[in-house]
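Shown next, in C-alpha cells, is the structure this report addresses.
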Amino acid sequence: MKALYYDCFAGLSGDMNLGAMLDLGVEFEYLKKELSKLGLDHEFRLELKIDNKHGIFGKKLDVIDLNNEHDHGHNHDHAHDHNHSHDHNHPHDHDHPHDHGHSHEDNHSHDHEHLRDFREIKQIIEASTLSQDVKDKSMKVFLLIATAEAKIHGKTVDEVHFHEVGAIDSIVDVVGAAICLDALGVDKVMASTVEVGSGFVRCAHGLMPIPAPATAEILKGVPISSKVEKFEMTTPTGAAILSAFVDEFTNQKNFAIDKVGYGLGSRNLDIPNLVRVMLVDLYESNEPSQWILESNIDDMSSEQLVYAEERLFNAGALDVYKTPIIMKKGRSAIKLTILAQEKDIKQIQRTLFTETTSIGMRMYPVEKVKIERRFETIETEFGPISLKKAYFEGELVNVKPEYEQIKAYALETGLSIKEVYRRINKLL
Ligand SMILES: O=C([S-])c1cc(C(=O)S)c[n+]([C@@H]2O[C@H](COP(=O)(O)O)[C@@H](O)[C@H]2O)c1
Ligand code: NI
C-alpha cells in the first residue's frame, strides 16, 4: 500500500508543504496549470527556489501576491486588527492602485487589503474547474481553519476572513496542497508528532502564544511536541493540512521508503527548518499498532472487576489480564492490563473509567511478534484432532493439539486428560 509520511520534527506551514510536494515529484508546471483553474492567475505568481538547510537541499515555494507587489506602503507584518470594522461585503473601499488587466466587475471582488471571507473562498473554489476531489479536499482544510478562527473570535464560520499573510497565499497553500495530494495518489497519509515550537508570535491580533490559538484549536487530538524555542513551527494552515489529510499519527516507521522530499521553511534554526515527506510502501503484514493500557486498582470487589473485564472485551480489548501487586503503604492491589488496537483506545478508556474505580492509566505502544502458524488435522484412536504448528524462520518450533478437543475426548472416554495427551503426543 502506497502512503505519504510527514516527518514534522520542524512542524509544518502551507509553503513548507508545497515545497515538499514539488520535491517529491509533483511537476511545478502541473501545479501551476491546476491552480490556474481557480481563475486567480492575475493575483499571484509562484516562485520555486532550490535551497538548503544545514546542507539538506529541498524546495521552497513562494507565493508572490501581485496585488501587494505593487502596493507600496502596505505592510503585511502588521496587517490589521481583528476588531476592525471592515465590511467585507460592501463594494471596494478603495480602488486598486494598479491596473492588472482585470476588471473589478470580476465575480471575485477583492479590496485593497485583500481580505476574503470564508463564503467568498467557498464560491471561488466551487466555481472553479478543479476536480470535485480537489474541491472537497480544499474545502475540508478551509473549513477547519474557518471553524477554529470562528470559535476563537466569537464569529460565525461565514464571517471569518483570511487576512494574515494575504488571502491569496492561503488559497494557493490550501488548494495547492489538495492538488498535490491528489496527484500523488496515495492510499493513506501518515504523520509523526507535530512540532509546534514555543514562545510568542506577532499576528494581526497582536502577540499570540505559540501554538497560535487557531493552530491549537485545529490540532486538538493530534500528538504535538514543543521542543523548538521561540519560534512558530506549525501555522494554522500547516495544522489544517495535517488535520484534514492525515489518517494516522504515528512515530513508528513500519514501511520501506520509495522517495523523500524536503520542503524548506523560511528561517534558519538550530535544527533544519524543513518538513521531510516520504512516499512509502507500507509492509503488507503491517498490523495496526497495539497498545498496553494499565491501571492499578486497590478498591474494587473481585466480582465487579470480572464484570469490568467482560465490558473491556466488549469494548474491543484484544486481551485483558490481572496481576496481583503490592502497592505503596502495603496495599494489595490488582494491576489490570489491557492489550488494544489504537482505534479502540477511546472506547476502552471510556469503559475503564466508567466501570472501574480507576481515574488514570498508563499507556504505551507495544510491538508484537507473531510467528507463522499452520493448522493440520490428524486421525487418532479418539477421532480427529487439530494441531497448531508454529514455525520460526521456516523451522517447526512448536506443535500443540487443540485443548478443547482433548478435553472432550477425556470426558467421553473416562480416561484422564494426561492419558489422552500421552497417547496423542506419541503420534506427533
Ligand atoms: O486564520 C489564520 S490563517 C490565522 C489565525 C491565527 C490565530 O491564531 S487566531 C494566527 N495566524 C497567524 O498568521 C500567520 C500566518 O498563518 P498562515 O497559516 O496563514 O500561514 C501565522 O503566524 C499564524 O500564527 C493565522
Ligand atoms: Ni480582520
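Counting starts at 1 for both ligands and their atoms, in listed order.
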Fill in: Proximity of Ile145 to ligand 1 by residue part, where a heavy atom lies under 4.0 Å
side chain
Worksheet item: Which is closest to atom 7 (C) of ligand 1 in terms of heavy atoms, Ala148, Ala214, Gly238, Cys203?
Response: Ala214
Practice prompt. Using a strict cut-off of 4.0 Å, indicate which atoms of ligand 1 neighbour a heavy atom of Thr237.
Written response: 17 (P), 18 (O), 19 (O), 20 (O)
Worksheet item: So is Thr215 polar-close to ligand 1, meaning N/O to N/O under 3.5 Å?
Response: no
Worksheet entry | Main-chain N/O of Gly263 paired to Asp23 side chain as donor or acceptor, under 3.5 Å | no
Item to complete: State if Arg202 counts as touching ligand 1 under the rule of any non-hydrogen atom under 4.0 Å.
Response: no
Item to complete: Keeping the roles fixed (side chain from Ser198, backbone from Lys230), state whether a donor-acceptor pair exists under 3.5 Å.
Response: yes
Practice prompt. Decide side-chain hydrogen bond (donor to acceptor under 3.5 Å, both in side chains) for Glu376 and Ser386; before the verdict, give the C-alpha distance in whole Å, the side-chain angles of both, and the deciding distance to 0.1 Å.
Written response: CA-CA 6 Å; Glu376 203 180 290; Ser386 355; over 6 Å; no
Practice prompt. Would you please say whether a donor-acceptor pair under 3.5 Å links the side chains of Tyr364 and Glu294?
Written response: yes
Discussion item. Are more than 12 heavy atoms, taken from residues, nucleotides or ligands other than Gln252, located less than 6.0 Å from that residue's CD atom?
Written reply: yes
Item to complete: Using a strict cut-off of less than 4.0 Å between a Lys/Arg side-chain nitrogen and an Asp/Glu carboxylate oxygen, indicate whether Glu47 and Arg45 qualify as a salt bridge.
Response: yes
Practice prompt. Heavy-atom contacts with Pro213 under 4.0 Å: which atoms of ligand 1 show up? List them by number with element.
Written response: 8 (O)
Discussion item. Are any of the N/O atoms on His153, whether in the backbone or the side chain, positioned under 3.5 angstrom from an N/O atom of ligand 1?
Written reply: no
Practice prompt. Report yes if the distance between the aromatic ring centroids of Phe255 and Tyr5 is under 6.0 Å, otherwise no.
Written response: yes
Worksheet item: Quick one: does Met208 get a heavy atom under 4.0 Å from ligand 1?
Response: no
Fill in: Close approach of Gly14 to ligand 1, heavy atoms, under 4.0 angstrom
no
Fill in: Sub-4.0 Å atoms of ligand 1 with respect to non-hydrogen atoms of Ala212
8 (O), 24 (O)
